[in-house]
Amino acid sequence: MPEASANLYAHLRQAFPADLDATAIETDAGQYYSWRDLDRGTAMLANFLQSLGLPEGARIAVQVEKSVEALMLYLATLRAGYVFLPLNTAYQSAEIDYFLGNAEPAVVVCDARNFGWVSTLAFKAGTRWVFTLNDDRTGSLLERAAHASDQHAVVSKQSDDLAVIIYTSGTTGRSKGAMLTHCNMLSNALVLKDCWGWRSPQQGGDVLIHALPIFHVHGLFVAIHGALINGSKMIWLAKFDPKVVLRHLPHATVFMGVPTLYARLLAEPGLNKSAARHMRLFISGSAPLLLDTFKTWQDRTGHTILERYGMSETIMLTSNPYQGERRGGTVGLPLPGVSLRVVDGQDAVLASGEIGDIQVKGPNVFAGYWRMPEKTAEEFTTDGFFKTGDVGRVDAKGYMTIVGRSKDLIISGGYNVYPAELESFINDLPGVAESAVVGVPHADFGEVGVAVVVARPGVQLDAGQILAALKARLANYKVPKQCHVVADLPRNAMGKVQKNLLRTQYS
Ligand code: MCA
Ligand code: AMP
């Protein structure tokens, strides 16, 4: 028999404070949502989704700007037992076409201004329903749900039932949909509740500044589940703006960000010990936090950033301790219940201090890639460990340091950019013989892409036009910040492009 208690929403709901009229979310536009509003809003949306008669396991694909109603749609999807599929708002039609074709969602929700092209792609993919949801509380979704009841019994789910599909790009081939279950997300949320010392409403509660986008693991799960499962209020910022964060710091206790957010906050003269005096915890992740940022933050605010490490496929894996030494340059210790090992090329476990591939196992590890059983099998060892593609070492005290990646990936401002995707796009442009995209250090985004392109004989290529062609088709953060047209690419004796040389040359 399925148990209602395995539904993540049921657990989040249980953690709502006794006073349902207290504020759950305050937005930077000055709107207030109580816990009751959250519960009623998600009930109405869940009832509306269920009234559509969707099949078991139906996917609800959502590409909308950040809003509290978008958060409610996520919670309503969980509550009604369907599968949520968040999509980055920067994705353009070629990207969305692939995701919708691959996931075959029953419902697509988009901004009204994108309805024309998104609905064309959705109907082509066999989607039955396309609704709109704008960040000003308008759109057909809310109009339709307004007629639904605000009473709703959370749909029963088993712990290994699918809750979310998150697409991650691949080092080769197309993007893969990581399938996360109710158990994956609940187990991780409960572990982090203990590890990060969240204060219950009875202990005065925490207040989280939510400044991240809500279509990736960091903003959608780590931050939102963290606040909800602790009954903590959120200060909800539509977009990250360091000045707005500074204004809210005195009223908050927890902040989560990618390293770019910390670097941008440090550029604000108003960031000092006094501004951060009410804060309990600053958490960083999604990309490496420079030691310099870690130390400067300590000096300026008196707070030691807690760095943690995770992936879309695994949610959170390691964390520096809340109580205990937070070591800059490390991502801390494995979370309780997570088995983590560093191995050599034959999957033999290495001694502490030795550098190798990071593999993990635990209740947080995803159920596989959507409709890609072979790809899934390739990414797991025979004894069930997931190969993260990250390279690291563990010191004698168990702290993990990530030293690199075996996957060809650039992390730019916390977003993943896959060189293989860009190279294949550039190689298809007229006059291009071949290309290589490499990541180079960048003061703001940590790392950014540089494209190095070789023309076909007799063709004159224009670097600006190449970048413009990429910008017209791909999410803007993926577009390399520079493009160089060169005579040839450096290759080793095996004929493989030596990306390390290009990285050094263009750094
Ligand atoms: C924006 N731009 C970027 C990026 N963001 N370029 C490279 N990398 C980026 N990340 C470019 C745009 O293309 C545009 O260029 C120009 O900057 C301005 O765009 P805008 O959107 O206004 O930028 P912004 O608002 O300043 O955004 C920067 C940002 C944002 C706030 C750092 O990128 C961001 O929210 N990053 C967080 C990503 C995140 O949540 N990651 C978590 C993934 P042009 O004008 O030329 O078009 S989850 C994860 O990684 C795992 C599981 C984990 O461990 O958490
Ligand atoms: P994603 O595909 O968006 O889930 O990105 C996951 C990747 O982000 C991981 O495999 C790591 O390479 C990287 N990552 C996440 N957190 C950290 C961190 N604290 N330090 C270094 N890399 C990180």
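Counting convention: from 1, in listed order, for ligands and their atoms alike. Quick note: numbers below take in every heavy atom, side chains included, and nothing from hydrogens, waters or symmetry partners.
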Inset, instruction - Between N476 and ligand 1, find which residue part has any heavy-atom pair under 4.0 Å and reply side chain, backbone, both or neither. - result: both

Legend entry - Heavy atom of H218, distance to ligand 2 below 4.0 Å: no

Inset, instruction - Would you mind telling me if ligand 1 is within reach of the side chain of R308, the backbone, both or neither, using heavy atoms under 4.0 Å? - result: side chain

Inset, instruction - Using distance alone, decide if ligand 2 has a nitrogen or oxygen within less than 3.5 Å of any nitrogen or oxygen in S284. - result: no

Inset, instruction - Kindly identify the option in P288, P259, S312 whose heavy atom sits closest to atom 4 (O) of ligand 2. - result: S312

Legend entry - Sub-3.5 Å N/O-N/O distance, S286 and ligand 2: yes

Inset, instruction - Might you check, step by step, whether the distance between atom 16 (C) of ligand 1 and some protein heavy atom is under 4.0 Å? - result: no

Legend entry - L289 contact mode with ligand 2 (heavy-atom cut-off under 4.0 Å): neither

Legend entry - Within reach of ligand 1, part of V217 (heavy-atom separation under 4.0 Å): both

Inset, instruction - Between T168, T314, N416, flag the one that comes closest to atom 2 (O) of ligand 2 by a heavy atom. - result: N416

Inset, instruction - Any chance you could measure Y477, atom OH, to N88, atom CG, to the nearest 0.5 Å? - result: 4.5 Å

Inset, instruction - Can you see which heavy atom on E447 is nearest to which on S412, and at what distance? - result: O-OG, 3.0 Å

Inset, instruction - Can you figure out which of R308, E307, H216, R405 has its heavy atom closest to atom 20 (N) of ligand 2? - result: E307

Legend entry - K407-ligand 2 polar pair, N/O distance under 3.5 Å: yes

Inset, instruction - Output yes when a protein non-hydrogen atom is found under 4.0 Å of atom 19 (O) of ligand 1, and no otherwise. - result: no

Legend entry - Atom of S159, atom of A6 and distance for their closest heavy-atom approach: N-CB, 3.5 Å

Legend entry - Any protein heavy atom nearer than 4.0 Å to atom 33 (O) of ligand 1: yes

Legend entry - Atoms in ligand 2 flagged as close to I411, the criterion being non-hydrogen separation under 4.0 Å: 8 (O), 12 (O), 13 (C)

Legend entry - Within reach of ligand 1, part of F445 (heavy-atom separation under 4.0 Å): side chain

